[in-house]
Amino acid sequence: MRSGHRLGHLWGHLLGHRLGRRFGWLWGAYGTSALGTWLAFGAFPLIAIQVLHAGPAEVAALSSVGAAAGAAVAVPLGPWVEFRRKRPVLIAMDLVRFAALLTIPAAFALGALTFLQLLLVSVVVAAADIAFRAASGAYLKTLLPAEDLLVANARFESTAWTTTIIGPPLGGAAIGLLGPVATVVADAASYLLSALGIRAMGGHEPRPERREAARMRAGDLLDGWRYILADATLRPLFFNTALFNGLVMATQPLLAVLMLDRLGFAPWQYGLAFAAPSIGGLLGSRLARRLVTRFGQHQVLVVVGTLRAIWPVGLAFIGPGTGGLLLVMGVELGLIFCCGVFNPVHATYRLQRTATDRVARTLSAWAVTAKASTALLTVLWGVLGALLGLRTAIGLAGVLLLATPLLLPRRAAADLSEPEPAPAPSRA
């Protein structure tokens, strides 16, 4: 136990000494699971294609239907998480993802792997991911004082972009040597290590106060959305992020077809075009705190939120050869840099505007909407790509993204430390 305590102290000191040992463990757990996720990036479609000989429709369903179904399953998890201690929930969701992912290599070894199993695992992982994020945000708000939240979110963001840079190349090498199932094992192991790290945090967490009603009612499932829509600053930000993220992600399959099929880029060039610019996210996340200190939180949120919308329309003009590759990398660098600044400021703004007893439900509703809207828009843009052509559909998404800054909060909140009262829950 003493050696474990010393290791935890060292880990906390190395990773986040300014924010305390417990945050150091939480940050380390996040980095471990994020690296596992990016190591296994694209593993499910590859398994479906190479092992199960799935067709395009099945591969598309694995991405869109799995995410949408996972979001639907996660709807009741927000209220469930809200009234429980968050650290046990974090550990439980890590273990759920670990167990679900581990069934894939087990079934593969037994020759019993099916497409239905892949789909069900993707649903379970998506739902557990939403519950984990909701619990993590709620736990972070009680773990740190308000003035440290931006520092913490910037560290999470920089870690996310770092693992984005190094994870896919390492995962690609592992797939080439050992096959796609090996990276799923690595991803599962990362969740187990994350659970162990969160457990090592220690410390006392008070039990949240329970509601007057003993049982959850159907109306309670909508509490998170009601809270968001009743807040004059959260509401526009909610619609902005859902539409922006959905449109950006909806064009990714079209870009893959355009670059790899129509323009003849090699797979390594395609990977480089999106991996190398991730350095912009790392730089942006490190600048976020300085920019907020100098210009103010709301000003940075609006200006950078506007700047990030101008880049994607350039992807409609990709050409072949080196020039086209450089164009993609330049557009992605600008977009990712802006996102690297925007994301931690947005996450902090959202936490500060949300009452402590509403964080889990609010974050859960936010994540469910994000996953569902992304899945819906991806399907829609697949249809538009077939009807209008790839470039036209990509350009249309870019034009619509230019309008998303209109949904950013126009005025700064009067007092971010005192969010608006929570709306009364429906008892209909």
Side-chain angles (χ1 to χ4, degrees), residues 37 44 59-78 119 122-134 137 160 221-231 233-256 301 305-306 308-309 311-313 315 335-336 338-339 342-343 346-347 349-350 353-354 360-388 393-409:
T37 297
F44 274 33
V59 174
L62 192 59
S63 299
S64 57
V65 176
V73 171
V75 169
L77 294 180
L119 186 60
S122 69
V123 171
V124 171
V125 170
D129 182 62
I130 291 174
F132 184 94
R133 291 179 183 228
L221 300 179
L222 303 179
D223 278 351
W225 284 277
R226 274 196 293 266
Y227 188 86
I228 293 168
L229 298 178
D231 189 288
T233 54
L234 287 180
R235 183 173 59 249
L237 192 61
F238 171 72
F239 288 117
N240 171 272
T241 54
L243 185 59
F244 180 88
N245 294 337
L247 285 172
V248 168
M249 295 305 298
T251 60
Q252 295 306 303
L254 305 184
L255 284 170
L301 194 72
T306 300
R308 68 177 184 159
W311 297 96
V313 70
L315 295 173
L335 172 63
I336 292 173
C338 292
C339 290
F342 181 89
N343 290 344
H346 153 257
Y349 189 91
R350 184 176 58 184
R353 282 300 303 166
T354 306
R361 281 170 284 181
T362 300
L363 296 185
S364 177
W366 209 293
V368 166
T369 302
K371 283 189 177 291
S373 61
T374 297
L376 177 62
L377 289 172
T378 299
V379 173
L380 177 59
W381 249 255
V383 175
L384 291 176
L387 294 176
L388 305 177
I394 293 170
L396 178 60
V399 171
L400 291 176
L401 282 166
L402 292 174
T404 58
L406 298 175
L407 295 172
L408 290 167

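Listed here is the closest heavy atom pair of Ala134 and Ala360: CB-O, 3.4 Å. Between Val123 and Ala69, the shortest heavy-atom contact is CG2-CB, 3.7 Å. Shown here for Asn245 and Arg308, the closest heavy-atom pair between the two residues is OD1-NH1, 4.4 Å. When every heavy atom of Val368 is checked against every heavy atom of Ala74, the shortest pair comes out as CG2-CB, 4.1 Å. For Gly246 against Thr374, the heavy-atom pair with the smallest separation is CA-OG1, 3.7 Å.
Atom CG in Leu254 sits 9.0 Å away from atom OG1 in Thr378 (nearest 0.5 Å). With rounding to the nearest 0.5 Å, the separation of CG in Leu222 from CD1 in Ile228 is 11.0 Å. Of the inter-residue distances, the one linking Arg235 atom CZ with Arg353 atom CZ reads 11.0 Å to the nearest 0.5 angstrom. How far CG of Leu247 is from CG of Leu401: 4.5 Å, rounded to the nearest 0.5 Å. Atom CD1 of residue Ile394 and atom CD of residue Gln252 lie 9.0 Å apart, to the nearest 0.5 angstrom. Taken from OG1 in Thr354 to CG in Asp231, the straight-line distance is 7.5 Å, to the nearest 0.5 Å.
Residues passing the side-chain hydrogen bond (donor to acceptor under 3.5 Å, both in side chains) test with Trp225 are Thr369, sequence neighbours excluded. Not a single side-chain hydrogen bond (donor to acceptor under 3.5 Å, both in side chains) links Arg350 to another residue, sequence neighbours left out. Taking Pro405 as the reference, Thr306, Ala309, Leu408 meet the side chain to side chain contact (heavy atoms under 4.5 Å, CB included) condition, with sequence neighbours excluded. By the side-chain hydrogen bond (donor to acceptor under 3.5 Å, both in side chains) test, Ser122 is found to be paired with no residue, residues two or more places apart in sequence or in another chain being considered. Checked against ring-ring contact (aromatic ring centres under 6.0 Å, His included), Trp381 has no partners two or more places apart in sequence or in another chain.
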Does the pair Thr362 and Phe238 meet the rule for a side-chain contact (heavy atoms from CB on, under 4.5 Å), with working shown?
-> CA-CA 10 Å; Thr362 300; Phe238 171 72; over 6 Å; no
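At a threshold of 4.5 Å between non-hydrogen side-chain atoms, the residues Leu237 and Trp366 count as touching. Annotation: side chain of Phe239 is not in contact with side chain of Leu406 (no heavy-atom distance under 4.5 Å). In this structure, the side chains of Trp311 and Cys339 stay at 4.5 Å or more apart for every pair of heavy atoms.
Tyr227 does not carry Arg361 over the face of its six-membered ring by the limits of under 6.0 Å from the centre and within 45° of the normal.
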Tell me which donor-acceptor pairs under 3.5 Å the side chains of residues 124-132 have, and how far apart each pair is, sequence neighbours excluded?
from, atom 1, to, atom 2, distance (Å)
Asp129, OD1, Arg97, NH1, 3.3
Asp129, OD2, Arg133, NE, 3.0

